[in-house]
A.B. asks: 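So that we are looking at the same thing, I have put the structure below in structure tokens.
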Amino acid sequence: MLIDEILGWIKLNLKDLIQIVLFPGIAFILIFAVAATWFERKYLAHSMLRIGPLHTGRVAGWLQIIADFIKLTGKEVITPRNVNVFLFNLLPVLSVCTSAIAVAFIPFSSDWIIYEGNGISLLLFFAAASLTPYITLMLGWISNNKYSIIGAMRVSYVYISAEIPAFLAAMGVAIMAGSFSLIDIVEAQSRIPFLIPQILGFIVFFIAFLAEVERVPFDIPVAEQEIVAGWRTEYSGINFGVTMMMDYIPLCTWTLLFVTLYLGGYQGPLIFASQTLSNFFWILLKFSLVIVVILLFRSVFPRLRMDQTLRLTWKYLTPAAFLNLIITAIIAYYYPDLFGLIGAS
Amino acid sequence: MIISWGPQHPISGQFRIILETDGENVLKLTPDIGFTHRGIEKILENRTFLQGIVPVERLSMLDTANFLLAYVRAVEEIAEVDVPPRAKYIRTILCEISRINSHLYALGLIAEACGGYPAIFLWTVADRELFLDVAEMLTGTRWSYSFFIPGGVRRDIPSGFKEKVLEVLDYFEGRLETYRDSWLENELFKRRARGVGELPLDKAVTLGAAGPTLRGSGFRFDTRKDEPYEAYEDLDFKLVSMEEGDSYARTMVRYLEMVESVKIIREAIENIPEGRFRVRVPMRVPEGEAYVRVETARGEVGLHMITDGSIKPYRVKINSPSLRNLYVLSRMPEFSRLLVADVPVVLWSFDPWFLDADR
Amino acid sequence: MSVIRFLRGIIKPYIIVFKHAISKPHTIKYPYERLMFSDGYRGRISLRFEKCIGCGLCSRTCPNRAIEMVEIEGEKHSFPQINFGRCSFCCLCVDVCPRGALFSDEVVELSVIKRDDLIYHPYKLSNPQPLESILKDLKKTITVQIEDGRLSYTLLRRREENV
Ligand code: SF4
Ligand code: SF4
């Protein structure tokens with residue numbers, strides 16, 4: 001029977017299904033987007049001596065985000081004149097999907113990963129994550145608005161210039177771990193996280209990844225004070241809601257990668273009975289800490305200008321990443337024993 | 001590309017700039033004012049001298065006391081009344097509170113204009129609340145005081161006022177340090193504001209800049225020093241100016257002026273003389289003409305009043321600082337390189353208040 | 001040296017903002033808590049009906065022409081009627097009244113549904129609604145204070161009073 005076959009298939013692939021639908025997959029990302037929005041609103045409000053959402057949902061206004069989302073769905077979707085309606089409505093959804101794919105390559109425990117990627121999951125992550133900017137670029141371009149076009153051009157500048165140092169810095173980690181597989185990279189950090197031996201790469205990657213996820217001080221493509229809302233100016237109603245979610249999904253995936261590469265990923269002392277659960281705890285803890293640190297940037301720093309960002313990435317970050325790569329490569333070639341000292345391969 | 005930057009824009013205010021850009025470079029910048037024109041000058045012709053104190057404040061809601069002072073002094077000059085010294089001191093204190101209010105808001109706005117979602121914007125609003133409390137204690141209202149009338153002020157200082165003011169000033173001095181550490185010394189803010197929108201001294205003078213914009217370019221001019229009015233003659237304060245002429249210097253001038261204002265209030269409240277706080281001014285002011293200058297938070301305002309012996313002024317002409325600064329802004333791309341990202345920073349470093357530019 | 005200064009200019013602001021983020025917020029939860037104003041606050045204007053002599057000075061002084069003198073049947077003279085839609089709360093009318101018939105209090109909650117409801121007839125003017133009956137949810141009233149110490153936002157707190 002068909003039903004039996006389906007049930008059998010589900011039973012066979014139960015773990016994969018749970019991973020895709022629940023934990024590192026769709027549900028996790030959506031919950032993260034909602035929770036991060038709520039937390040950011042509360043946290044920034046407190047930094048400004050305000051309270052933030054308060055009444056909806058009794059406890060600290062947690063239902064406010066949901067209420068806002070429902071309100072957005074109820075709003076009229078305005079499509080500007082002379083745009084390709086199909087693409088205009090498709091691209092926001094598409095960009096959410098592509099940026100969420102990257103979470104598939106992050107290991108949450110040595111046996112809890114959606115797709116190990118044949119030992120090149122680091123490369124696959126970069127391939128998946130760098131799809132999003134193209135969609136964002138198109139999205140701003142087809143909006144038929146001057147602010148959107150400026151925003152779209154800024155997207156292409158910022159992403160390209162930030163991705164190169166980020167990738168080069170990550171290569172240093174890959175050399176040190178001797179593998180492109182994120183699981184191997186995490187396992188190599190069992191004694192000491194790569195934060196310490198790769199301190200230069202760590203700094204470069206941190207700054208570049210802020211630019212990748214459009215966080216202050218690099219939120220140039222959506223600079224509110226300059227170009228209204230950048231590439232998302234023309235979006236309204238539920239489409240706007242989806243583009244807002246796009247702020248948080250890359251934040252989620254890139255922060256997970258950052259934690260995996262430099263902070264030891266899921267490594268940590270055993271605190272629950274199950275090794276897997278304890279691994280989940282450690283990666284989520286590190287992840288939340290990094291999120292808490294970078295969310296506050298928004299109320300501390302002004303935004304950098306376009307030319308300053310380009311100068312920073314091309315003139316300082318890229319050479320520093322190269323330097324880091326070369327040093328790591330030299331050590332890896334001549335003194336491989338040094339890596340053994342800190343527990344790497 | 002021609003961009004209409006405002007009036008529906010997150011930070012433009014009731015105002016529009018038409019930007020002609022080449023990519024990110026600004027080639028031409030045309031301020032478009034008039035969205036809030038209310039004809040205050042004409043309204044003043046239809047109000048008696050006492051009634052006039054209400055509409056004249058609507059020129060600048062952040063800095064009501066200083067604008068009102070110009071009007072009141074013009075009436076007094078024509079009527080040839082001597083204001084009692086106690087009233088002069090009370091006026092000075094309220095004017096400085098008003099100046100601090102305005103500068104605090106300007107500091108918050110330039111932070112907002114630099115991007116992000118800076119916390120300092122709401123800190124300044126929260127601290128302004130204290131000064132509003134003080135002003136409320138004195139005048140009975142928090143915002144548009146309508147407190148000066150021809151011949152003096154409307155109320156005497158209430159008991160406990162001095163202690164409250166000193167307490168607030170002590171607290172505020174600490175807060176000023178926090179602002180300096182968290183925003184003015186913030187390296188990223190320096191990078192956004194240093195060397196942006198440079199206004200050389202000769203340009204500032206020939207184009208007629210006013211107030212902190214002028215002093216930020218190194219021209220040492222302040223009406224409070226140049227032609228002291230009210231109690232400023234007796235009080236000891238520094239004239240703040242900076243040499244650089246960029247957005248950072250203009251912001252810094254405002255910050256240092258707040259420090260000076262605190263000193264002025266302290267000194268004035270200690271030395272406040274006893275006596276009457278109001279003298280009678282007749283309803284009918286004799287025929288005459290007066291031009292008074294008052295240093296408001298945004299620069300010198302000139303108020304020209306002509307009377308014809310009736311109970312209302314014949315003509316009032318107000319020369320407002322924001323309008324002059326907006327003219328300087330419109331000439332900015334000629335001598336200084338601007339990017340689209342610099343426009344909000346430069347605009348709010350001029351701290352224009354569009355209500356008094358439109359009048 | 002400049003690197004150290006740069007790092008200082010990055011880290012110090014972050015620490016300051018973080019300190020604010022964990023300190024107590026300043027928000028007053030308005031319908032439940034309310035800021036109390038000092039004496040002589042220029043809020044809603046009310047009339048002491050028996051004191052007014054109908055001289056009309058208030059009406060002539062009002063800069064916004066918010067006061068109109070209306071006749072009331074059975075009374076000898078006219079009484080002021082205030083349109084709060086035009087009033088700017090300058091309180092010149094209060095100052096100018098020769099009999100002290102007008103006074104202002106600290107109620108600012110004057111919003112209504114219909115614009116005509118903002119026109120207060122002399123009877124309504126002389127029966128001011130107390131604050132408690134306008135703000136039914138009000139639980140505490142607050143005055144902002146500085147309790148010793150500079151630089152501390154947390155100490156800038158509220159004195160609770162009974163309404
Ligand atoms: S408070 Fe001022 S505006 Fe209001 S009625 Fe009295 S005089 Fe008129
Ligand atoms: S309220 Fe006062 S000023 Fe107005 S009519 Fe009555 S007595 Fe005259």
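Residue numbers start from 1 in every chain, and the chains themselves are labelled A, B, ... in the order their sequence lines are given, proteins ahead of strands. This is a predicted model, so every value here is computed, not measured.
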A.B. asks: Just to be sure I understand the criterion: a residue of residues 241-250 of chain B counts if one of its heavy atoms is under 4.5 Å from a heavy atom of chain A. Which ones qualify?
C.D. replies: none
A.B. asks: Any side-chain heavy atom of B:Thr21 sitting closer than 4.5 Å to one from A:Ile150?
C.D. replies: no
A.B. asks: Mark yes when over 12 heavy atoms from residues, nucleotides or ligands other than B:Arg337 sit less than 6.0 Å from its CZ; otherwise mark no.
C.D. replies: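 Result for CZ/B:Arg337: open.
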A.B. asks: Which one, B:Ala193, B:Ala113, B:Ala111, B:Pro118, leads in non-hydrogen pairs under 4.5 Å with chain A?
C.D. replies: B:Pro118
A.B. asks: Under a 4.5 Å cutoff for heavy-atom pairs, which residue among A:Arg154, A:Arg215, A:Met306 has the most contacts with chain B?
C.D. replies: A:Arg154
A.B. asks: Report, as yes or no, whether the 6.0 Å neighbourhood of atom NZ on B:Lys190 holds more than 12 heavy atoms from other residues, nucleotides or ligands.
C.D. replies: yes
A.B. asks: Around atom CD of B:Gln8, are there more than 12 heavy atoms from other residues, nucleotides or ligands closer than 6.0 Å?
C.D. replies: no
A.B. asks: Minimum heavy-atom separation for B:Arg191 and A:Arg305, please, with both atom names.
C.D. replies: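 Residues B:Arg191 and A:Arg305, closest heavy atoms: O-NH1, 4.3 Å.
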A.B. asks: Please classify the contact of B:Val125 with chain A as side chain, backbone, both or neither, using a heavy-atom distance under 4.5 Å.
C.D. replies: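 Interface part for B:Val125: neither.
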A.B. asks: If you draw a 6.0 Å radius around CZ in B:Phe335, do more than 12 non-hydrogen atoms from other residues or ligands fall strictly inside?
C.D. replies: yes
A.B. asks: With a 4.5 angstrom heavy-atom cut-off, which part of B:Trp183 approaches chain A: side chain, backbone, both or neither?
C.D. replies: side chain
A.B. asks: What are the two closest non-hydrogen atoms of A:Asp307 and B:Leu339, and how far apart are they?
C.D. replies: OD1-CD1, 3.8 Å
A.B. asks: With a 4.5 angstrom heavy-atom cut-off, could you sort out which part of A:Leu44 is near chain B: side chain, backbone, both or neither?
C.D. replies: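 Side chain of A:Leu44 only, per the 4.5 Å heavy-atom cut-off to chain B.
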A.B. asks: Does A:Tyr157 have more than 12 heavy atoms from other residues, nucleotides or ligands lying within 6.0 Å of its OH?
C.D. replies: no
A.B. asks: Considering non-hydrogen atoms only, spot the tightest contact between A:Tyr147 and B:His9 and give its length.
C.D. replies: OH-CD2, 3.8 Å
A.B. asks: Checking B:Glu112 against chain A: side chain, backbone, both or neither under 4.5 Å from a heavy atom?
C.D. replies: both
A.B. asks: Please find the pair of heavy atoms, one from A:Pro302 and one from B:Asn186, that lie closest to each other, and give the distance.
C.D. replies: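 For A:Pro302 and B:Asn186, the tightest heavy-atom pair comes out as CD-ND2, 4.2 Å.
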A.B. asks: List the atom of B:Trp123, the atom of A:Leu49, and the distance in Å for their closest heavy-atom pair.
C.D. replies: CD1-CD1, 3.8 Å
